[in-house]
Amino acid sequence: MAKYTLKKRAEQQEETRRRIVEAIVELHKTIGPTRTTITAIAERAGVERLTVYRHFPKEDELFRACSEHWRAVHPPPDLNRWAKIDDPRERLRVALDDLYQYYAEVAPMLGNVLRDAELLPVLANQLAGYRQFVAAAQALLADGWEYTEGQRVTLRAAIGHAVAFDSWRSLVETQGLPAAQACDLMVALAVAVAEPLYPAPATS
């Protein structure tokens, strides 16, 4: 009986923790981390403030739990899939299509976190994985092109601009371009940088 009681209590605690984490995620996505209070978390999860503190006594633990839950539900695109594409132009096009779909999916959360990171230093650690992913994407997508030494820095900058969340937001959300056209525009930018080595096909 005692063993059953302990198991039941552990299950209840896990369920409570899950509700708290889901409440944190939803609040961060809708109003942002800086505006999310312990009171709001407790109310949304249906628990007392003290219960939130018991599960997450430190602020960084709370943010880490939110980040881990979010990444598990919304994993970033697979870099290995892109790496299998030899043609750098096609690789960039496929990658941007995947990436812009991902940005559309995570925009509310990622936008809030990037905005609030300047005000909450604890968010910097939670953004480290995302920033590493973007840097790895830039390096991968800049590889394989034929370019002169003078074009190298410019091409890398163009690709870095193409993979940035703010670029997607500007083109798609602000300017109203369909994602496919935004991808085409960014691929065209990269190709234009290397145009002397990637001339347009001749027309009859």
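All residue numbers refer to positions in the sequence shown, counting from 1.
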Any donor-acceptor N/O pair, [X] side chain to [Y] backbone, under 3.5 Å:
X	Y	answer
R64	N125	no
R44	I24	no
T16	Q12	yes
R91	L140	yes
S67	F63	no
S167	H161	yes

Spacing of [atom1] belonging to [X] relative to [atom2] belonging to [Y], to within rounding of 0.5 Å:
X	Y	atom1	atom2	value
L79	K84	CG	NZ	12.0 Å
L114	D166	CG	CG	7.0 Å
R54	R49	CZ	CZ	13.0 Å
I20	H55	CD1	NE2	4.5 Å
D60	Q126	CG	CD	8.0 Å
L189	L155	CG	CG	9.0 Å

Taking every non-hydrogen atom, the tightest pair across [X] and [Y]:
X	Y	answer
V113	P33	CG2-CG, 4.3 Å
A139	R156	CA-NH1, 3.8 Å
G144	P88	O-CG, 3.7 Å
Q151	V193	NE2-O, 2.9 Å
H69	V25	CD2-CG2, 3.7 Å

Sub-4.5 Å side-chain heavy-atom contact between [X] and [Y]:
X	Y	answer
F56	V21	yes
H28	D116	no
R35	N112	no
V191	W145	yes

For [X], which residues count as a side-chain contact (heavy atoms from CB on, under 4.5 Å) partner, sequence neighbours excluded?
X	result
E173	A107, W168, R169
A117	L123, L127
V153	none

Walk me through whether R17 and E14 qualify under salt bridge (Lys or Arg N to Asp or Glu O under 4.0 Å). CA-CA 5 Å; R17 187 182 190 279; E14 183 60 29; 5.1 Å; no

Please identify each residue that fulfils side chain to side chain donor-acceptor pair (under 3.5 Å) with E61, with sequence neighbours left out. none

Check step by step if side chain to side chain contact (heavy atoms under 4.5 Å, CB included) holds for L62 and I38. CA-CA 10 Å; L62 185 149; I38 296 299; 3.9 Å; yes

Closer than 4.0 angstrom, basic N to acidic O: yes or no for D184 and R93? yes

Residues E15 and R18 bridged, charged N to O under 4.0 Å: yes

Could you state whether Y102 and V73 fall into the same hydrophobic cluster, counting links through intermediate Ile, Leu, Val, Met, Phe, Trp or Tyr residues with side-chain heavy atoms under 4.5 angstrom apart? no

Tell me the side chain to side chain donor-acceptor pair (under 3.5 Å) pairs involving residues 130-141, sequence neighbours left out? Y103-Y130

Which residues satisfy the ring pair (Phe, Tyr, Trp, His ring centres under 6.0 Å) test with W70, sequence neighbours excluded? H74

Show, in sequence, the C-alpha distance, side-chain angles and deciding distance for R19 and E22, and conclude whether the salt bridge (Lys or Arg N to Asp or Glu O under 4.0 Å) test is met. CA-CA 5 Å; R19 294 206 317 271; E22 290 179 350; over 6 Å; no

Go through the steps to decide whether D98 and W82 satisfy the test side chain to side chain contact (heavy atoms under 4.5 Å, CB included), and finish with yes or no. CA-CA 10 Å; D98 289 348; W82 304 345; 2.9 Å; yes

